Amino acid sequence: MLKSKECIAMLLAGGQGSRLQVLTKNVAKPAVPFGGKYRIIDFPLSNCINSGIDTVGVLTQYQPLELNTYIGNGQPWDLDRSNGGVAILPPYMTSTTGAWYKGTANAIYQNMNFIKSFNPKYVLVLSGDHIYKMNYDWMLREHKKAGADCTIAVIDVPIEEASRFGIMNLREDNFIYEFEEKPKHPKSTKASMGVYIFTWEVLEKYLIEDESNPESENDFGKNIIPNMLKDEKRLFAYEYKGYWKDVGTIDSLWEANMDAITPGSGLVLHDKGWRIYARNPAKPSQFVSAEAEVRNSMIAEGCNTCGKVERSIVFYDVSIGKNAIVNNSIVMPGSVVEDGAVVEYSIIAENVTVKSGAHIGSAPREGSGRQITVVGNSLKIGNNACISAGKVIDRDVSDGEVVL
Amino acid sequence: MKDTLGIIFAHDKIDALREITESRTAASVPFSGRYRMIDFTLSNMVNSGIKEVGVVTRSDYYSLMTHLGTGKEWDLNRKKGGLSILPPSIESHDGLSEKNSKIAVLMGIIEYIRQSDCKYVLLADANVIANIDYTELFESHIEKQAYMTALYKADVYDNSKLRTNAFIDVDANGKIKDITINQSIQLHSKMLLGTYIIERGLLEFLICQCVAHNKFDFERDVIQEMAESLDIYAYEHKGFAEKIDSVESYFKVNMKLLDSTTRKELFEKGGEILTRVHDSVPTMFGTESSVRNSMLADGCIIEGTVENSVIFRNVKIAKGAVVKNCIIMQGTEIGENANLEYCITDRLVNISEGTSLRGAESYPTVLPKGCKI
């Protein structure tokens with residue numbers, strides 16, 4: 001008997017995320033650490049399993065090693081299944097051709113055989129660069145109820161920010177009549193969240209058509225959706241009300257992390273009804289020493305805190321020395337902030353050593369905007385070195401050096 | 001040591017742990033924020049290269065089974081070998097089910113021991129908190145061509161330890177000369193850690209021999225009685241090792257881990273101590289929280305004051321609450337302005353607003369699982 005799934009998910013995780021600069025030098029964007037113990041991809045993966053979707057294809061391309069190792073057999077997300085589960089889908093060769101994924105639509109096109117093997121009625125297309133908790137099953141229900149060919153999740157954004165997003169213009173019955181990518185003069189505030197449900201029959205046809213058009217960029221936003229609109233297909237907008245953030249830039253990544261420790265931000269990680277799963281290391285409990293001062297922060301297991309931590313996110317296995325100060329910052333796994341070092345308004349990537357007395361970043365001055373300082377993976381910042389606000393460091397900084 | 005079968009004794013509830021083992025075996029007693037006691041012995045076995053482990057249980061093993069699951073966290077979910085949880089089999093061997101001794105429980109799993117392909121068996125208690133590489137014990141056993149080799153720890157022990165444990169004296173070659181059990185004055189200072197290595201065939205013979213002679217006490221009837229006639233050797237574990245056998249030692253050893261040298265010795269030297277992972281969020285510290293000299297697992301929300309304490313997963317400590325010198329187990333909620341000192345709260349305890357509770361260092365107050373104050 002042909003196994004059959006009502007809805008399967010395809011997660012686009014091949015993007016480089018170049019705006020995250022040094023943070024994505026060696027890893028794909030979805031593998032960037034978030035919120036003390038997670039990675040960005042944990043959010044869509046957990047949303048899938050919490051929504052009852054147990055078959056997920058993860059399309060990888062850019063720097064896939066860490067992402068592949070992280071996902072493994074999918075066990076942390078309960079996606080290690082005999083029927084379905086998680087499958088990593090890199091680009092591949094065939095007897096006649098073989099190519100990288102040219103665009104988001106082409107990536108799905110190249111994996112049509114994977115989709116067909118589950119004989120689904122609906123396909124959920126997700127991207128791996130947003131932080132949100134969403135029940136896709138509710139969206140699927142609306143999709144079926146509306147009898148739509150495609151349902152796009154939208155969220156209300158402030159009108160002044162609308163020109164940064166793909167904006168959906170809706171009729172009164174919530175069907176989409178127009179889609180504008182980053183419009184200069186937005187007509188609505190409904191931004192696409194990058195979450196699509198397609199009726200598979202319809203999508204299959206459009207993918208094949210789009211592939212045969214050599215002019216096409218093979219992209220969902222630029223080609224597939226406009227083509228469907230042109231053909232007057234039924235495109236429905238599903239309004240999502242809740243926390244959603246694109247973490248594609250250093251600033252938004254920092255903000256989303258801070259949202260996790262800001263009451264009222266809408267991002268609630270402590271919610272047993274909708275847990276976010278992650279591959280967890282087995283580390284001892286964290287230790288907070290007698291000299292330490294910790295306030296308004298989130299600190300994971302395996303950490304050793306002897307300094308002052310305020311309004312910060314500290315990932316597992318981080319050590320913060322005596323008289324060190326970490327405020328308004330994100331310190332990723334395995335990093336060390338030595339005695340007396342100061343880290344302010346910064347993102348410190350994995351396995352960084354900040355030597356004693358070094359000073360990284362600073363609080364925004366009055367009248368000027370916030371500038372986040374970033375230190376890339378496995379770097380060493382020398383004794384008493386000083387790095388000014390807004391710098392992005394991708395090399396070791398020697399003792400006493402000043403980076404302005 | 002891949003040719004060694006590991007057997008962990010997880011059947012004992014250890015009466016002196018009082019309320020803590022009311023509904024679980026000593027092996028599954030929560031320890032140091034995120035572990036269960038058995039994690040140490042089990043991880044040590046895995047880190048020493050053992051691929052096949054049997055865990056002997058007897059009663060109240062539900063929490064132990066949930067904790068161990070298929071053994072995947074220890075990489076023991078294998079097609080061949082791997083982890084087996086061995087509950088007592090009721091009908092086998094008349095009268096044995098009454099006996100809680102090691103010989104009796106080993107007789108209960110004699111078929112499991114027989115069907116193993118391993119040449120050696122490592123027997124170990126589940127209540128030893130240590131990071132041990134058993135390969136050294138193994139090598140010494142082979143080198144000495146011993147009948148059996150026991151692991152011990154030399155230290156200065158207080159009276160309560162002397163009265164409840166087995167102590168040995170060894171000759172210059174490491175052979176056991178004498179063993180005293182439950183000594184009321186100090187005769188020897190080398191405490192057995194309940195860890196033995198022996199050839200599988202010899203163990204099988206030993207068990208049958210003992211049962212046939214109605215002898216069930218491993219230490220008394222095997223070691224004490226046979227020490228003179230057989231070559232039973234002892235090997236010293238020089239690193240940190242503590243046996244948890246009472247509420248007092250449970251409290252003391254948990255607190256010992258607030259010392260960074262001890263913590264390094266246990267967690268950073270040697271292999272990684274593995275445990276079942278949970279999906280708790282990292283611990284949140286509120287704007288008015290004050291935490292000093294404490295260990296905390298993930299999933300907690302701390303708004304109050306915590307000093308010299310060990311806090312397990314998903315604990316909530318509200319504003320104004322003060323927790324000092326306490327062990328607060330998983331899921332405990334402490335209300336506003338409550339005040340706790342020298343308490344051990346078991347899982348899911350609820351301390352309401354303004355409550356004040358105080359135990360003593362030598363006799364900490366234990367609040368049993370699920371109680372509401």
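In what follows, chains are A, B, ... by sequence order, proteins preceding strands, each numbered from 1. Model, not experiment: these values are computed from the prediction.
- Counting heavy-atom pairs closer than 4.5 Å to chain B, the top residue among A:Leu269, A:Val309, A:Ile261, A:Val294 is A:Val294.
- By the neighbour-count criterion of 12 heavy atoms within 6.0 Å, atom CZ of B:Arg78 is densely surrounded, having more than that number from other residues, nucleotides or ligands.
- Residue A:Asp271 does not touch chain B at all, counting heavy-atom pairs closer than 4.5 Å.
- The number of heavy-atom neighbours closer than 6.0 Å to NZ of B:Lys316, taken from other residues, nucleotides and ligands shown, is 12 or below.
- In terms of non-hydrogen atom pairs under 4.5 Å with chain B, the most contact-rich of A:Gly302, A:Ser297, A:Ala300 is A:Ser297.
- Residues B:Asn293 and A:Phe287 form a side-chain contact, since some pair of their non-hydrogen atoms from C-beta on lies under 4.5 Å apart.
- Considering only heavy-atom pairs separated by less than 4.5 Å from chain A, the leading option among B:His278, B:Arg263, B:Glu73 is B:Arg263.
- In this structure, the separation between NZ on A:Lys272 and OG on B:Ser280 is 8.0 Å, given to the nearest 0.5 Å.
- For the set B:Val306, B:Leu296, B:Asn308, the count of heavy-atom pairs under 4.5 angstrom toward chain A peaks at B:Leu296.
- Of the two parts of B:Leu258, the backbone and the side chain both hold a non-hydrogen atom closer than 4.5 Å to a non-hydrogen atom of chain A.
- B:Lys153 NZ: more than 12 foreign heavy atoms inside a 6.0 Å radius.
- Within the 4.5 Å cutoff, side-chain heavy atoms of B:Tyr35 are placed close to those of A:Pro284.
- Residue A:Trp138 places its CH2 atom among 12 or fewer non-hydrogen atoms of other residues, nucleotides or ligands, all under 6.0 Å distant.
- Comparing B:Ile302, B:Val277, B:Ile311, B:Leu257 by heavy-atom pairs within less than 4.5 Å of chain A, the highest count is held by B:Val277.
- Contact of A:Pro263 with chain B is not made at all, since no heavy-atom distance falls under 4.5 Å.
- Using a distance-only test at 3.5 Å, with no hydrogens or angles considered, no donor-acceptor pair links the side chain of B:Thr283 to the main chain of A:Met298.
- Contact tally against chain B (heavy-atom pairs below 4.5 Å) for A:Lys37, A:Arg275, A:His270, A:Arg295: the top residue is A:His270.
- For A:Lys308, the NZ atom counts as loosely surrounded, since its 6.0 Å shell holds 12 or fewer non-hydrogen atoms of other residues, nucleotides or ligands.
- Looking only at distances, a side-chain donor or acceptor of A:Glu301 sits under 3.5 Å from a matching main-chain atom of B:Asp298.
- Heavy-atom distances place no part of B:Arg276 under 4.5 Å from chain A, backbone and side chain included.
- For A:Gln75, the part lying near chain B is the side chain, with the backbone staying farther off; criterion is any non-hydrogen pair under 4.5 Å.
- When each of B:Val310, B:Ile301, B:Ile273, B:Asn314 is checked for heavy-atom pairs under 4.5 Å with chain A, B:Ile301 comes out on top.
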| task | Give the C-alpha distance, both sets of side-chain angles, the deciding distance and a yes or no for side chain to side chain contact (heavy atoms under 4.5 Å, CB included) between A:Glu293 and B:Arg292. | result | CA-CA 8 Å; A:Glu293 238 179 276; B:Arg292 279 181 197 206; 3.7 Å; yes
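- A salt bridge is defined here as a Lys NZ or Arg NE, NH1 or NH2 lying under 4.0 Å from an Asp or Glu carboxylate O, and B:Glu272 with A:Lys283 meets this definition.
- Distance check: B:Phe285 CZ to A:Asn296 CG gives 11.5 Å after rounding to the nearest 0.5 Å.
- The two residues B:Met295 and A:Ser285 have their closest heavy-atom pair at CE-O, 3.5 Å.
- For A:Tyr38, the part lying near chain B is the side chain, with the backbone staying farther off; criterion is any non-hydrogen pair under 4.5 Å.
- Residue B:Phe312: no heavy atom, backbone or side chain, is found under 4.5 Å from chain A.
- Closest heavy-atom contact between A:Asn280 and B:Asp279: ND2-OD1, 3.8 Å.
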